[in-house]
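Keep in mind that what you see is a predicted model, and the values were worked out from it rather than measured. Each chain gets a letter, A, B and so on, in the order its sequence line appears, and its residues count up from 1.
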Number of protein chains: 2
Amino acid sequence: MTKPTGKTGSDQRSRGTGAAIIYDALRDEILRLQLRPGEALDETGLGTRFVCSRSPVREALIRLASEGLVEILPNRSTIVAPIDLQRVPSYLDALDLMQRITHRLAAIAHDDADLLAIREAQHRFAGSLEVSFAENDSVPMIEANYGFHMAVASAAGNDYFLTFYRRLLDEGRRMLHLHFIFQRRDDRGPEDLLSDHEALIAAITERDAEGADAIAHEHAAQFKGRFMEFMTRSLTADIDLSNMPRRAE
Amino acid sequence: MTKPTGKTGSDQRSRGTGAAIIYDALRDEILRLQLRPGEALDETGLGTRFVCSRSPVREALIRLASEGLVEILPNRSTIVAPIDLQRVPSYLDALDLMQRITHRLAAIAHDDADLLAIREAQHRFAGSLEVSFAENDSVPMIEANYGFHMAVASAAGNDYFLTFYRRLLDEGRRMLHLHFIFQRRDDRGPEDLLSDHEALIAAITERDAEGADAIAHEHAAQFKGRFMEFMTRSLTADIDLSNMPRRAE
DNA sequence: TTCACGGATGTTGTCGACAATTTGACGACA
DNA sequence: TGTCGTCAAATTGTCGACAACATCCGTGAA
């Protein structure tokens, strides 16, 4: 073997992928709430878990921090970013507007490939609904829903909006998981979500910007209503108020 | 000297500030176009310039990369992010919308402290106009204009919009510098910009959301028009078309 | 002359080690 | 008993070093 490639072991990662792997893994676990908000992430521990030094771990944490998914406390441990309930109203406003603009632009600027991708995403969403219903696990549905809206937003053809919308949807995934952990069954049946998406696809296909905008807005408003209701209903009863900062007024 | 503090030298940075200093410095130089788009940034060189190891340099570069200000080419050098002219239309759309929403919300949600900060920023902007005119240097004006709009957007009270708008304004700073490098004198006098800002402040003070929205939109539209004209006028003549990807049609 | 190949060179990705700082506990004292 | 000061453990921020990868240049052959 005179080959100069350095692949000695079996699962030896090719150079440069270390940080990316850790980043993806942590990001997934954070968004799925497998790592709970506020949980500590020490670099040495992560270094032993993924078999590598602290340098790739550090790089992954820095990238996660600049996306707001973790918080690096200087000279102390880095923690999974807590979900700040006071920011929820702002968040819902932002999600609403970005969903409107991306879906509206999608109706205007899409091409045939975009439509195909959207229909595929919708197909996967329909399949995930059955899986979620059968196994009583909301994770597949949440992720497929994320994929659907990202497919629509991609058709808008504006990277700036897409990037921002993706960040909002990421944070939304955490909230949705939180939502389904407390309340297993949704008030609305899954069929309604499916038909909402179908209506959206129809509007986009017909290049009906106003219609897509309105459906996106209504979609966001429903999410907002469900989430706010969920918060006022189940959180105020259980939550410990002692460590909750009071409103500055 | 029994003091256990580790400050041996004179300008010894206190622990943990290394990466932040490098980040701020590079960010400033990138946004002011002192580092030109496409320029290479090798870690060892930066390590010698700021007197430190490659670790803080690397951290700063990673943070800059996740904000889109530099691009890390795997196993190769990292370069200052090029200004993609094809993305300009998307950028201008995004800037327009985010300026509208932040300035509109500012009119609704501001409090007295916000108004004070806005007026201060406007005062600094007026001062910077004189400096820029006297010294024929557009940098102070551009930076003060940035500060003014950030002050307005801060009054909107929505961190999500603020973060996104800041990122857009950052990229806009680079374009503005580019603009003024080619064309020293603006078509519109500085007084018009000043009065635009005054009108905006008046609308915000009166909590006139529609008015603030309209002024923000007009402001963005003027920037858009000037920049597009600048691009078609002075770029098409000089620019090398060989490495410019052609439109996919 | 042009193209392919191989070594030299420089830069990045990763590693282990050390110093500074925080955190928590333990014990002394009012 | 409650509070403060000191000490030890643990974790981070930084450093220097090495290996892998990419680029560049020179040599040889078609």
Task: 5' precedence on DNA chain D between A/T44 and B/P74 (nearest-nucleotide basis) - done: A/T44
Task: ring pair (Phe, Tyr, Trp, His ring centres under 6.0 Å) against B/Y160, all qualifying residues, sequence neighbours excluded - done: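 A/Y91.
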Among [options], the nucleotide that comes nearest once only the side chain of [X] is considered:
{"X": "B/D42", "options": "D/dT23, C/dT11, D/dC15", "value": "C/dT11"}
{"X": "A/N75", "options": "D/dT14, C/dT14, C/dT21", "value": "C/dT21"}
{"X": "A/S53", "options": "D/dG13, D/dC15, C/dC15", "value": "C/dC15"}
{"X": "A/I72", "options": "C/dT12, C/dT14, D/dG13", "value": "D/dG13"}
{"X": "B/S77", "options": "C/dC15, C/dT12, C/dT21", "value": "C/dT12"}

- [ ] Mind checking A/L61 for me? I need base, sugar-phosphate or nothing, with any heavy atom below 4.0 Å counting as a touch.
- [x]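 Answer is nothing: A/L61 stays at 4.0 Å or more from every strand.
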Open item on the list: Requiring both pairing distances under 3.5 angstrom, list the stems that contain DNA chain C and are made of three or more consecutive Watson-Crick or G-U pairs.
Closed with: C:1-30 with D:1-30
In whole angstroms, how far is the [atom2] atom of [N] from the [atom1] atom of [X]?
{"X": "A/L46", "N": "C/dC15", "atom1": "CG", "atom2": "C1'", "result": "17 Å"}
{"X": "B/E43", "N": "D/dC15", "atom1": "CD", "atom2": "C1'", "result": "14 Å"}
{"X": "A/R58", "N": "C/dT14", "atom1": "CZ", "atom2": "P", "result": "15 Å"}

Open item on the list: Between A/T78 and A/E71 (side chain of the first, backbone of the second, donor and acceptor by atom type, cut-off under 3.5 Å), is there such a pair?
Closed with: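 No; zero donor-acceptor contacts below 3.5 Å.
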Find the distance between [atom1] ([X]) and [atom2] ([Y]) and round it off to the nearest 0.5 Å.
{"X": "A/L41", "Y": "A/E43", "atom1": "CG", "atom2": "CD", "answer": "9.5 Å"}
{"X": "B/N145", "Y": "B/S138", "atom1": "CG", "atom2": "OG", "answer": "11.5 Å"}
{"X": "A/L168", "Y": "A/D93", "atom1": "CG", "atom2": "CG", "answer": "11.0 Å"}

Task: More than 12 heavy atoms from other groups under 6.0 Å of CZ on B/R87 - done: yes
- [ ] Return yes when atom CG of A/D112 has more than 12 non-hydrogen atoms of other residues, nucleotides or ligands closer than 6.0 Å, and no otherwise.
- [x]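 Open.
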Open item on the list: Under 3.5 Å, is there any donor-acceptor pair linking the side chain of A/R54 to the base of D/dG13?
Closed with: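 Between D/dG13 and A/R54, which were checked side chain against base, a qualifying N/O pair under 3.5 Å is present.
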Open item on the list: Using heavy-atom distances to pick each residue's nearest nucleotide on DNA chain C, tell me which of A/E59 and A/R76 is more 5'.
Closed with: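 Nearest nucleotide further toward 5': that of A/E59.
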